[in-house]
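Input: a single structure, listed below in structure tokens.
Just so it is clear: chains get the letters A, B, ... in the order the sequence lines come, proteins before strands, and each one is counted from 1. Hydrogens, waters and symmetry mates are skipped; everything else that's a heavy atom, side chains included, is used.
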Protein chains: 2
Amino acid sequence: MSAGDSDGVVDADVAVIEGGTLPSARVPLDRERILTTAVQFIDEHGLLDLTMRRLGAVLGVEAMSLYRYVPGREELLDGIVDTIVGEMYDDENVIEAPQDGWPDFLQRLAHGVRRIALAHPVAFPLVASRPPEAPWLRPPLRNLHWVESFLTGLIDEGFSDKAAVAAYRAFTSFLLGHLLLEVSSLGADVGPLDVLESGENESEDLADYPVVKRLSGALAEDHSAVEFEESLESLLDRIALLRQTAD
Amino acid sequence: MSAGDSDGVVDADVAVIEGGTLPSARVPLDRERILTTAVQFIDEHGLLDLTMRRLGAVLGVEAMSLYRYVPGREELLDGIVDTIVGEMYDDENVIEAPQDGWPDFLQRLAHGVRRIALAHPVAFPLVASRPPEAPWLRPPLRNLHWVESFLTGLIDEGFSDKAAVAAYRAFTSFLLGHLLLEVSSLGADVGPLDVLESGENESEDLADYPVVKRLSGALAEDHSAVEFEESLESLLDRIALLRQTAD
DNA sequence: ACCTGAACACCGTTCAAGT
DNA sequence: ACCTGAACACCGTTCAAGT
């Protein structure tokens, strides 16, 4: 944190104007700037602090101005989800269609989603928990483009329609469960419960649960990365069986 | 819904007094009554409508009275999670320790969690997404009692400490992913986005995604129950391998 | 002992008005 | 065209006061 931009100080007046028309004029709002700023704000301050009024302030504007670009707070949150998931377009390791077989294709897609989860640990629960608008937009793969790629890729690789759909379901619920638990173990999450009061509290609570107490060290260890790889491998094995299933 | 208790009408005055001391006196508040009422309220009206003031009104009391029993809204939500997860104590099909082998034990536990998820489809995302307080309370198994049972049960059945912990991780992330997607497909969720505007909107949106469009029928089909069974079976196979792994 | 009234510092959202 | 001031109907929370 440098001294200039810390702690919510609004320095929109100092913002570099890209078009370069009116040097000292305030750069006008637009939807994309609102959304990227909101994502950044959540990652820094948490979801609970994201308020129309505060987001406006960060953008150097009154809250009411936001309503010209986004219909309300709920739609703002939906836009944030789109923005985050959309980041996967920039990931060169995620490909549009299988090149080295469908397992490689799904591996890349899974790792792409994991990367955006780890890049936005605080905002990711939003991707996971906003109500899906349709059964073909299951979290965390909430992007029609990638769902289309997923299904097309598998069908081109010999999956039946039914098998491709079943694979989509298994793939998404695997990613959702694993990644939600992985980012939540990273600490940040909804709710300002940052009261990790250490001391005798812990040992006292666990007195009635001797096995949990004995294994608490092991339970606290983070093996997310290898568990992700192994579970993904096992999922791909399971999907391989789906592929061979007759309709 | 009978005519008397519908639609948020407060009839606390008519409440039956169990102790039977003062017949016409208002039955006093207590933490449990607050929490069970809150769970019911969420299931009926959604999380967004649950407000300290409204919850108070349902209980026939001003919002400020709640603070005598719960420190604030965040802690109210934590209490709601405890209440919901605690319902599994009443489930006779969930057992404390393996009787017919660990796979049967875990099957019962998994189905118990699924039952509470389906019983509270609107409130369940809260169980899934509240920030865990410790690494041994991974959603959705956020109850020290059941975590203790889980670990003890597996260790008694021949799992090493490490294998039991690994099984705990795999088991919870499976349940979280599957159940969160299952209840969210049931419609209700956070956010008042009940704008399922039918019409040409859908087909228009899907014009650029022909495969999704072609499979949209199949994608909308609900096979949650059989998918749960099959995925659980596969998970148990995976856990069986863990059991045989040397430390 | 238990609940409330009044108050404070916030929210999201609207709309007529400013520039 | 874009933003704002003022207002409305709410929030969570505190605290002295009522019974």
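Residue order along DNA chain D, read from the 5' end via each residue's closest nucleotide, puts G72(B) first among G72(B) and R68(B). The 5' end of DNA chain C is approached more closely, in terms of each residue's nearest nucleotide, by L29(B) than by the other of R53(B) and L29(B).
The number of heavy-atom neighbours closer than 6.0 Å to CD of E32(B), taken from other residues, nucleotides and ligands shown, is 12 or below.
The CE atom of M52(B) sits 14 Å away from the P atom of dC3(C) (whole-angstrom rounding). The distance from atom CD of E75(A) to atom P of dG12(C) is 13 Å, rounded to the nearest whole Å. When the P atom of dC11(D) is taken as reference, atom CG of L55(B) falls 12 Å away, rounded to whole Å. If you measure from atom CD of E62(A) to atom C1' of dC2(D), you get 13 Å, rounded to the nearest angstrom. Regarding Y67(A), its OH atom lies at a distance of 12 Å from the P atom of dC11(C), rounded to whole Å. In this structure, CZ of R33(B) is placed 13 Å from P of dC2(C), rounded to the nearest angstrom. When rounded to the nearest whole Å, the span between CG of L59(B) and P of dT4(C) equals 11 Å. Between the CG atom of L77(A) and the C1' atom of dG12(C) there is a distance of 12 Å, given to the nearest Å.
Among the nucleotides dA6(C), dC3(C), dG12(D), the one closest to the side chain of P28(B) is dC3(C). Distances were taken from every side-chain heavy atom of R73(B) (C-beta onward) to each of dT13(D), dG5(D), dT13(C); the shortest belongs to dT13(D). Here the nucleotide nearest the side chain of M64(B), chosen from dT14(C), dA6(C), dG12(D), is dA6(C). Nearest to the side-chain atoms of T51(B) among the listed nucleotides dT4(C), dT13(C), dC11(D) stands dC11(D).
In this structure, R114(B) is positioned above the aromatic face of F228(B), its NZ or CZ under 6.0 Å from the six-membered ring centre and within 45° of the axis.
Here the closest non-hydrogen pair linking E148(B) and V211(A) is OE2-N, 2.9 Å.
Between F171(B) and F150(B), the ring-plane angle classifies as tilted under the 30° and 60° cut-offs.
Residue Y69(A) places at least one side-chain N or O under 4.0 Å from the OP1 or OP2 atom of dC3(D). Look at S65(B) and you'll find a side-chain N or O under 4.0 angstrom from OP1 or OP2 of dT4(C). Within the structure, every side-chain polar atom (N or O) of R54(B) is placed at least 4.0 Å from both OP1 and OP2 of dC10(D).
We find the CG-CZ distance between D49(A) and R54(A) to be 4.5 Å, quoted to the nearest 0.5 Å.
When both distances must be under 3.5 Å, the Watson-Crick or G-U wobble mate of dC11(C) does not exist. Under the Watson-Crick and G-U wobble criteria, each requiring two contacts below 3.5 Å, nucleotide dT4(C) is paired to dA16(D).
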